Every structure is written in C-alpha cells, then in structure tokens.
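The structure appears below as structure tokens.
Model, not experiment: these values are computed from the prediction. Note: hydrogens, waters and symmetry copies are ignored here, and every other heavy atom, side chains too, is used.
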Amino acid sequence: MIAIAVIILFYLLIRNVVVLYNFAVQPYLIRLVPENEPLISILIPARNEEDNIGSLLKLLTLQTYRRLEILVYDDQSDDRTAEIVTGFFKADNRIKLIKGQKLPVGWLGKNHACYQLAKASNGDYLMFIDADVRPEAHLASSAVGYLQHKKAGLLSIFPHQIKKSIGEQLTVSLMYDILLTLLPLAFVRKSRRPVFSGANGQFMLFERSVYLEHQPHWLKKDQPVEDIAIMQLFKKFNIPCITLLGGEDIACRMYNNGTGAINGFAKNVIRFFGNSIPFTLFHALVTTFGLVVMLMMPDFRFLSMYLIGVLVYKAVAGRMSRESILKAWLLIIPRQFMFIIVVIRALIFRLRQDYSWKGRNIKI
C-alpha cells in the first residue's frame with residue numbers, strides 16, 4: 001500500500017510542477033502588430049450555426065486590423081446560417097459565403113470544410129476559428145504579430161471558456177485541469193517531440209506557405225481530433241508550433257448544456273492522454289481513489305502532502321483559467337465524478353467505434 005501511495009504522490013508532484021511552470025511562464029497572447037500588413041483570412045466552418053454565426057461576424061467586423069477576408073463555409077446547414085451570413089455580406093464585402101459540397105467519402109465534416117476554406121482563401125495567414133468563438137477586437141492583429149515574432153508555422157489558442165449551466169461548470173473545466181497540469185505549454189514550441197502537443201481547433205492560425213506545403217487538413221481528413229493530430233504532424237516536419245491560453249483575447253461557449261459537454265469532451269478526452277487508454281484509466285483511478293489510499297495510511301503526513309498538492313494545483317489551474325480559487329476547490333469532488341462519467345462515455349464510444357455529431361456518424 002505504501003508503494004501505491006508513493007506512486008500517487010509522485011504523480012501529484014509532477015502535476016504541481018507542470019502547473020506551476022505554466023503559471024510562471026504566463027502562456028498568454030501579447031499585443032503585437034503584424035509586419036508588412038499581410039492579408040489575414042479568417043476561415044469559419046459552420047454547420048447549423050444560426051445561434052452563433054451572427055454574433056461572431058459582428059465581432060469580426062470590429063477587428064482593429066482591417067486587412068481581412070472572412071470566409072464562411074456553410075456545411076450543408078438546414079437552418080438560417082447561410083441567410084445570416086448573406087445579410088452580413090451586404091454590409092461588409094470582406095465577408096463571403098461558400099456553399100458546402102456533399103461530404104466526400106473518407107472525409108470528416110469539419111476537416112473537409114477547413115480544407116475547402118483554405119483553397120478558397122487568399123490570405124498570407126489562415127486563421128481557422130469556430131462559429132461559437134467570441135474574439136476581442138485586437139485578436140487577429142495580435143495573433144499574427146505573435147506568430148511572426150516567434151517565427152512559428154502554427155499557433156493554437158485555448159479560448160476562455162464560458163460556462164453557464166452546472167453541467168458545463170463541472171465538465172468544461174476538466175480540459176484546463178488536464179492541459180495545465182500535464183502539458184508544459186512552453187515545451188510545445190521548445191520541443192519537437194509529438195508528445196508535447198496541445199492544440200484546440202477553436203483557434204488555429206497557420207502561415208499560408210506552411211499550410212499549402214503540408215496540406216494538414218487533407219493529410220488528417222479522417223481524424224476526429226484533427227487539431228492535435230495536425231500539431232503532431234507539424235512537429236514531425238520540424239515546424240515550430242505554439243500553444244497559448246486565450247485570457248481576455250478570445251472566449252468561447254463550446255456547449256449549451258451539460259449533456260452536450262459530456263458527449264463533446266468524451267470524444268476528445270483519451271486524445272488528451274496521448275490517445276492512450278491505459279494512461280487515461282491510470283489518471284482516472286489515481287485522481288478518484290488517491291484520497292482513499294491516503295486515508296488508509298498510518299502516517300498522517302501522506303494525507304497532508306496529498307491534500308496540499310491537490311489544493312495547490314486546483315487553485316493555480318483555476319486562476320489560469322479565470323476561475324476563483326474558492327470555486328475551484330468547492331467543485332473538486334463534483335468534477336471528479338463528472339470526469340469518471342466522461343471517461344466511461346469515451347470508452348463506450350471506443351467500443352462502438354463511432355459517435356454522432358451534428359447529425360453525422362463519426363468513426364473513431
């Protein structure tokens with residue numbers, strides 16, 4: 001039992017070291033101005049996004065950087081998505097609507113939409129964003145300026161997550177809990193090892209020539225978690241990549257309710273652990289039963305070290321994701337129960353080898 005307790009504490013130590021390192025380096029976007037006034041293509045794949053697309057386009061028209069083209073790929077929506085985009089085009093001719101084609105065999109919907117957007121674009125930089133993203137006015141300028149400054153080929157940003165329902169509160173924050181305690185974000189740029197890959201398809205910025213040379217959405221056309229797969233691909237080509245947190249520059253409400261959050265997170269969660277089911281289960285078991293093991297130890301110092309370690313990393317990860325420390329502590333147990341539900345759902349998806357997303361069946 002002592003050996004198990006030592007393993008749990010060592011894993012906890014690793015997570016604390018990583019989250020404190022991330023806090024120290026402050027991996028946020030800084031305000032920079034692009035050099036040489038490049039044309040920026042903002043590319044939006046949209047399928048049944050009538051509730052989101054109007055708000056996004058309004059914010060994009062308010063960007064301080066004006067040399068933009070904004071392309072929306074209507075992926076065979078059966079709602080008012082195309083109508084709303086057309087209305088914005090009449091007021092701002094930088095906005096264009098691309099009518100979606102029938103999804104070819106072997107492609108996943110978002111991957112195909114992004115590939116078509118890239119082919120239709122003219123920009124020096126290709127900024128892929130989801131329709132539920134809410135950008136601050138300096139986002140386009142700062143992101144491209146940062147990519148130029150760091151001489152990177154890919155920048156991905158994890159937006160600040162808006163969580164309104166209790167289900168979202170319990171589920172969406174799990175992403176930061178894993179990301180910030182297991183991935184030292186500065187290592188994404190410093191290391192070429194694919195294991196140091198963390199990307200979010202809600203915001204992916206490419207230098208155009210790099211994108212066209214490697215055709216990432218085509219090469220990963222059947223990958224359900226294409227963002228991480230693309231970054232791992234770029235690392236194999238020794239292309240510098242960067243992962244940042246959105247801070248105040250970009251926000252997103254990924255899901256509208258707890259059920260959607262559980263299903264959405266379940267399709268990705270194993271990928272967060274290097275696509276390793278054993279590692280996912282190890283993490284689930286250690287984080288769920290760690291306290292039980294410590295309570296069984298005769299030496300009270302085991303329990304003390306465990307509680308201090310958990311409270312520290314929860315507080316730091318919470319603050320980095322713009323959440324109060326008290327809230328991060330109060331939701332430790334409910335979020336752990338939710339994580340178990342998510343992992344179980346993810347394993348069911350793997351056993352079935354598919355899941356449904358926006359009316360399409362996706363093979364895993």
Pairwise side-chain contact, N111 with D222, heavy-atom cut-off 4.5 Å (strictly under):
no
Other hydrophobic cluster members with L326, side-chain heavy atoms of Ile/Leu/Val/Met/Phe/Trp/Tyr under 4.5 Å, chained?
L330
Taking atom types as modelled, find out whether Q223 and R271 have a side-chain donor-acceptor pair closer than 3.5 angstrom.
yes
Decide if atom CG of L62 counts as having more than 12 heavy atoms of other residues, nucleotides or ligands within a radius under 6.0 Å.
yes
Check: V210 main-chain N/O paired with E207 side-chain donor or acceptor under 3.5 Å:
yes
Apply side chain to side chain contact (heavy atoms under 4.5 Å, CB included) to R94 and R66, showing your working.
CA-CA 9 Å; R94 296 177 301 170; R66 305 304 295 172; 3.2 Å; yes
Does CD in E37 sit with more than 12 non-hydrogen atoms of other residues, nucleotides or ligands closer than 6.0 Å?
no
Under 3.5 Å side-chain donor-acceptor pair for T81 and E49
no
Ignoring hydrogens and angles, tell me if any N or O in the side chain of W329 forms a donor-acceptor pair with the backbone of L311 under 3.5 Å.
yes
Name every donor-acceptor pair, under 3.5 Å, that has one atom in a side chain of residues 151-160 and the other anywhere in the protein, sequence neighbours excluded.
from	atom 1	to	atom 2	distance (Å)
S156	OG	N200	N	2.8
S156	OG	N200	O	3.1
S156	OG	F203	O	3.1

Side-chain heavy atoms nearer than 4.5 Å, only ILVMFWY residues, links allowed to pass through others: does that put L59 and L97 together?
no
Report yes or no: does R47 contribute a side-chain atom to a donor-acceptor pair with the main-chain N or O of D75 at less than 3.5 Å?
yes
Side chain N48, main chain D78, donor-acceptor under 3.5 Å
yes
Between Q63 and E136 (side chain of the first, backbone of the second, donor and acceptor by atom type, cut-off under 3.5 Å), is there such a pair?
yes
Taking only residues two or more places apart in sequence or in another chain, which ones pass salt bridge (Lys or Arg N to Asp or Glu O under 4.0 Å) with D130?
K110
N/O donor-acceptor pair under 3.5 Å between S41 side chain and G123 backbone:
yes
Should V133 and I162 be counted in the same cluster of Ile, Leu, Val, Met, Phe, Trp and Tyr side chains packed under 4.5 Å apart?
no
Which residues satisfy the side chain to side chain donor-acceptor pair (under 3.5 Å) test with Y146, sequence neighbours excluded?
none
Within-4.5 Å side-chain heavy-atom neighbours: S173 and R335:
yes
Taking CZ in F289 as the centre, count heavy atoms belonging to other residues, nucleotides or ligands within less than 6.0 Å. Is the count above 12?
no
Looking at H217, K221, Q101, which hits side chain to side chain contact (heavy atoms under 4.5 Å, CB included) with H112?
Q101
Under the side chain to side chain contact (heavy atoms under 4.5 Å, CB included) rule, what do F272 and M175 come out as? Steps first, then yes or no, please.
CA-CA 8 Å; F272 289 175; M175 176 177 65; 4.0 Å; yes
State whether K220 and D227 are salt-bridged, where the test is any N-O pair (Lys NZ or Arg NE/NH1/NH2 against Asp/Glu carboxylate O) under 4.0 Å.
no
Check for a donor-acceptor pair, side chain of T243 on one end and backbone N or O of G198 on the other, with a separation under 3.5 Å.
yes
In one Ile/Leu/Val/Met/Phe/Trp/Tyr side-chain cluster, 4.5 Å: L56, I84
yes
Can you tell me if Q202 uses its side chain to pair, donor with acceptor, with the backbone of C252 under 3.5 Å?
no
Yes or no on side chain to side chain contact (heavy atoms under 4.5 Å, CB included) for D74 and V85, after CA distance, side-chain angles and deciding distance?
CA-CA 9 Å; D74 177 27; V85 176; over 6 Å; no
For A284, is there any backbone N or O sitting under 3.5 Å from a side-chain donor or acceptor partner on T287?
yes
Quick one, V25 and L185 - any side-chain contact, counting heavy atoms below 4.5 Å?
no
Salt bridge flag under 4.0 Å for residues D124 and R208
no
Please list all pairs meeting ring pair (Phe, Tyr, Trp, His ring centres under 6.0 Å) that have one or both residues in residues 21-54, counting only residues at least two apart or in different chains.
Y21-F187
According to a 4.5 Å side-chain heavy-atom criterion applied to Ile, Leu, Val, Met, Phe, Trp and Tyr, with indirect links allowed, do V312 and I14 form part of one hydrophobic cluster?
no
Could you tell me if Q161 and S321 have a donor-acceptor pair between their side chains, going purely by distance under 3.5 Å?
no
Tell me whether the count of non-hydrogen atoms from other residues, nucleotides or ligands lying under 6.0 Å of CD1 in I2 goes above 12.
no
Do the side chains of F337 and F265 join up, straight or via other hydrophobic residues, at under 4.5 Å, putting them in one cluster?
no
Can you check whether K102 reaches Q76 side chain to side chain, under 4.5 Å on heavy atoms?
yes
Short side-chain to backbone donor-acceptor contact, N22 and L183, under 3.5 Å:
yes
Does CZ in R193 sit with more than 12 non-hydrogen atoms of other residues, nucleotides or ligands closer than 6.0 Å?
no
Could you name each residue pair satisfying ring pair (Phe, Tyr, Trp, His ring centres under 6.0 Å) that touches residues 59-92, not counting sequence neighbours?
none
Does atom CD (E248) have a neighbourhood of more than 12 heavy atoms from anything else shown, all under 6.0 Å?
no
Test side chain to side chain contact (heavy atoms under 4.5 Å, CB included) on Y176 and L245 and set out the steps.
CA-CA 10 Å; Y176 283 106; L245 301 182; 3.9 Å; yes
